[in-house]
Number of protein chains: 4
Amino acid sequence: MSPRNKEKDQQLRAERTSQILDSALTVIARRGLSATKVADIAEMAGVSVGNIYKYFSSKEDIFEALLHRGQQEYRDFAEEAWGQAGSAKDRLSWYTVNWLNKREWAITTLLQHARTSETIPERLKQAVSAKFKDNLRPIAAIIEDGQQRGEIVSGASMELALIYVSMMEGLTLHDIPGTPELSSGIAESALQLLLRDR
Amino acid sequence: MSPRNKEKDQQLRAERTSQILDSALTVIARRGLSATKVADIAEMAGVSVGNIYKYFSSKEDIFEALLHRGQQEYRDFAEEAWGQAGSAKDRLSWYTVNWLNKREWAITTLLQHARTSETIPERLKQAVSAKFKDNLRPIAAIIEDGQQRGEIVSGASMELALIYVSMMEGLTLHDIPGTPELSSGIAESALQLLLRDR
Amino acid sequence: MSPRNKEKDQQLRAERTSQILDSALTVIARRGLSATKVADIAEMAGVSVGNIYKYFSSKEDIFEALLHRGQQEYRDFAEEAWGQAGSAKDRLSWYTVNWLNKREWAITTLLQHARTSETIPERLKQAVSAKFKDNLRPIAAIIEDGQQRGEIVSGASMELALIYVSMMEGLTLHDIPGTPELSSGIAESALQLLLRDR
Amino acid sequence: MSPRNKEKDQQLRAERTSQILDSALTVIARRGLSATKVADIAEMAGVSVGNIYKYFSSKEDIFEALLHRGQQEYRDFAEEAWGQAGSAKDRLSWYTVNWLNKREWAITTLLQHARTSETIPERLKQAVSAKFKDNLRPIAAIIEDGQQRGEIVSGASMELALIYVSMMEGLTLHDIPGTPELSSGIAESALQLLLRDR
DNA sequence: GATGAATGAGAGTTCATTCAT
DNA sequence: TATGAATGAACTCTCATTCAT
């Protein structure tokens with residue numbers, strides 16, 4: 001009733017929304033979109049099934065929100081890497097280490113599905129791909145910077161950024177949480193390949 | 001008694017099986033396992049739904065057969081690369097080009113799903129992972145050979161093989177057939193990174 | 001948090017369960033287990049198909065619940081006969097009359113199927129047979145009592161109970177509701193056979 | 001081609017038909033009509049599925065043939081009892097013993113299903129019931145004869161016949177082949193009940 | 001006649017979504 | 001707003017029947 005309550009309501013709503021998205025991310029990454037039941041998401045979020053629909057209009061809607069949030073978070077993360085002090089190697093190293101510590105693998109899985117699956121509407125695919133490409137810029141900037149300092153091999157920076165990110169994604173997909181078979185030290189080795197002097 | 005030709009029956013059976021698997025590979029790669037209806041597979045194979053079950057006991061069974069066949073085919077392909085004449089670079093180049101021309105991207109998608117999804121029985125996951133690791137050997141052999149000739153950067157050969165394959169997979173997943181956005185020339189650039197003298 | 005009335009929910013749930021079982025009993029008795037569609041049960045219960053599965057996990061599960069409930073109800077009924085005042089003949093007469101008025105014929109059909117069909121899991125068969133045997137006790141008690149008073153022919157009481165119940169079942173199966181061909185007076189004649197003085 | 005062959009063909013055909021019916025009887029009695037697959041019948045008969053349809057037009061057709069044959073066989077059996085030498089007790093005893101040694105239980109099961117199930121066309125039900133009633137005559141004749149000799153309790157002979165047969169059927173359904181729990185001696189005890197002097 | 005692969009309608013079961021409380 | 005019972009379309013799998021060989 002009072003403005004205070006309204007504000008609080010808004011905040012509660014945002015929290016619930018975020019909480020639902022967190023659960024959805026985890027579950028969908030683990031089982032895939034169409035194998036995930038809305039009930040699974042609800043259970044993990046500690047919310048009733050019906051209540052989910054007060055925050056999202058459909059399962060697809062949740063997925064779409066997940067992609068938006070994931071790509072935005074990734075953008076922030078990539079810019080944080082670019083904002084790091086030190087050499088290009090230091091920055092990429094920071095990026096690499098933190099990538100593995102974050103839930104990037106989960107988002108990576110979702111994005112890949114979004115880009116490749118016929119079940120996803122074209123509109124969404126295009127948005128995701130465009131945003132993905134745009135999100136390469138901070139990495140490309142780091143690489144360009146490194147090339148100017150003579151640290152990094154020559155080549156088109158966007159191309160190298162794509163190669164590097166693909167490599168990270170590819171390795172990520174072989175190194176699922178709970179499957180520690182492949183040492184994460186390998187990511188560092190991969191990074192070496194980009195360096196001029198190795 | 002039996003007016004049927006047993007040999008011919010056997011042969012027809014094998015053909016049908018293979019035809020169903022081909023269709024299943026295409027459709028599942030495009031839509032994901034659980035979003036693919038058995039009816040989709042049947043339709044693409046030009047077979048009735050019921051008849052599918054004369055050849056496979058369930059959708060899961062089809063998926064499993066697909067993984068087996070895919071990993072076997074990949075093994076043959078990797079060994080063919082190892083069997084090529086020429087330098088390590090030539091061999092990897094052959095591998096790279098042919099990877100992109102084959103249906104490797106489809107199988108890559110399936111294998112990734114098999115390794116990562118909670119919906120896949122542990123037994124199958126382990127088998128897939130073990131076979132995957134084993135399948136790195138021909139690539140590792142090419143790399144080792146190249147290292148001895150001074151062509152390829154130093155480092156543990158299995159590790160470099162994993163990095164290289166991950167890179168290919170990562171790129172593959174950004175370059176779906178029908179989505180020619182990313183030039184396949186990029187794969188060649190990626191290959192350069194492994195070379196000592198670049 | 002929960003705007004629902006838990007007690008009322010519990011009660012509604014129990015009612016629905018019972019309502020579904022009632023319908024299932026009728027329909028399965030009329031058509032047999034495997035010829036009965038879950039949709040038939042749902043329709044007769046005035047419930048949607050999907051909702052049935054909120055109460056029972058499968059058609060088999062419904063059948064099993066039906067057997068449990070039916071044998072328990074029969075036990076109560078048999079003990080009520082034993083609890084009647086009067087001579088053994090009076091008690092058996094009460095039993096006979098009420099048997100025909102109740103839905104015993106439906107349950108009889110189900111139990112017979114459960115005992116004899118290969119499609120029923122051994123575990124369930126054994127449980128049903130054991131309970132059936134145990135349920136003969138009240139009748140055997142009436143007979144023993146009648147023998148001591150000189151009303152009833154001599155012989156092992158459990159054996160005579162089995163004979164009597166089999167007779168009732170056999171007659172029941174010739175006298176389906178809606179098929180009034182065989183007068184129910186015949187049951188009384190059958191009862192006479194057990195009496196010493198006839 | 002030659003008349004000889006034609007005759008032989010006829011004979012082979014009759015044999016096959018009978019062989020299929022035998023298998024059908026066994027399997028349907030064990031699993032129920034609708035739970036029995038035509039493939040089950042074919043397998044047990046050692047015949048291909050398709051070939052069944054050269055002899056019968058449908059599963060229902062097989063069932064109907066089974067009922068006809070079963071009731072005819074039963075009639076022959078009942079008349080054979082009537083044709084036995086000796087007292088009424090001897091004849092009923094012969095009937096009882098041979099009933100248990102024959103496949104009467106299987107036919108009993110089928111007939112019961114035919115009479116009671118909604119899935120059976122009315123026309124067939126009526127035919128079965130009429131024939132059943134008619135088939136009581138030989139037993140009723142034995143009973144009447146016994147009554148005249150003072151061996152058997154008084155009462156309407158058809159009614160007593162129905163009671164006796166129901167008793168046999170009821171006991172039969174508690175004493176499935178392979179379930180020897182209930183001693184078959186009990187049938188003799190049941191017979192005693194009909195005797196005047198016991 | 002004999003075979004068994006092929007068909008497709010139909011059954012059991014699941015699950016996204018709605019709605020009364 | 002929160003709940004979970006209810007709905008029914010859709011999916012997987014089965015099986016009576018047909019048909020090419």
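Here is how names work: the chains are called A, B, and so on, in the same order as the sequence lines, proteins then strands, and each is numbered from 1. The figures here come from the full heavy-atom set of this structure, side chains too, leaving out hydrogens, waters and symmetry mates.
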Round to a whole Å and report the spacing from [atom1] of [X] to [atom2] of [N].
{"X": "F56(B)", "N": "dT14(F)", "atom1": "CZ", "atom2": "P", "answer": "15 Å"}
{"X": "K54(B)", "N": "dA16(F)", "atom1": "NZ", "atom2": "P", "answer": "11 Å"}
{"X": "I20(A)", "N": "dT1(F)", "atom1": "CD1", "atom2": "P", "answer": "12 Å"}
{"X": "D61(B)", "N": "dC13(F)", "atom1": "CG", "atom2": "P", "answer": "10 Å"}
{"X": "I52(B)", "N": "dC15(F)", "atom1": "CD1", "atom2": "C1'", "answer": "17 Å"}
{"X": "N51(A)", "N": "dT21(E)", "atom1": "CG", "atom2": "P", "answer": "19 Å"}
{"X": "D40(B)", "N": "dC13(F)", "atom1": "CG", "atom2": "P", "answer": "14 Å"}
{"X": "Q19(C)", "N": "dA6(F)", "atom1": "CD", "atom2": "C1'", "answer": "12 Å"}

pair_partner(dT18(E)), Watson-Crick or wobble, both distances < 3.5 Å, evaluates to dA5(F)

Distances under 3.5 Å only, N/O to N/O: pair up the protein atoms with those of nucleotides 9-11 of chain F.
residue: dC11(F); atom: OP1; partner: K37(B); partner atom: NZ; Å: 3.4

One should read off an interatomic distance between E60(D) CD and L33(D) CG, to the nearest 0.5 angstrom, of 7.5 Å

In this structure, NE2 of H113(C) is separated from NE2 of H113(D) (nearest 0.5 Å) by 10.0 Å

I'd like to know if the side chain of E118(A) reaches the main chain of R31(B), judged simply by a donor and an acceptor atom lying under 3.5 Å from each other, with no hydrogens or angles considered.
no

Do S18(D) side-chain atoms and A14(D) backbone N/O form a donor-acceptor pair below 3.5 Å?
no

Considering every strand and a 4.0 Å limit on heavy-atom distances, what is the contact class for [X]: base, sugar-phosphate, or nothing?
{"X": "S57(B)", "value": "nothing"}
{"X": "Y55(D)", "value": "sugar-phosphate"}
{"X": "R13(A)", "value": "nothing"}

When you get a sec, tell me which of [options] is the closest nucleotide to the side chain of [X]?
{"X": "S48(D)", "options": "dA6(F), dT7(E), dA2(E)", "result": "dA2(E)"}
{"X": "S58(C)", "options": "dC13(F), dA16(F), dT13(E)", "result": "dT13(E)"}
{"X": "Y53(A)", "options": "dT3(E), dA16(E), dT7(F)", "result": "dA16(E)"}

Item to complete: Would you tell me if any nitrogen or oxygen in the side chain of R16(D) comes within less than 4.0 Å of OP1 or OP2 on dG1(E)?
Response: no

Worksheet item: After noting the C-alpha distance and the side-chain angles of E43(D) and V27(D), does the key distance pass the side-chain contact (heavy atoms from CB on, under 4.5 Å) rule?
Response: CA-CA 10 Å; E43(D) 190 187 23; V27(D) 187; over 6 Å; no

Ranking A39(C) and A39(A) by the position along DNA chain E of their nearest nucleotide, the one closer to 5' is A39(C)

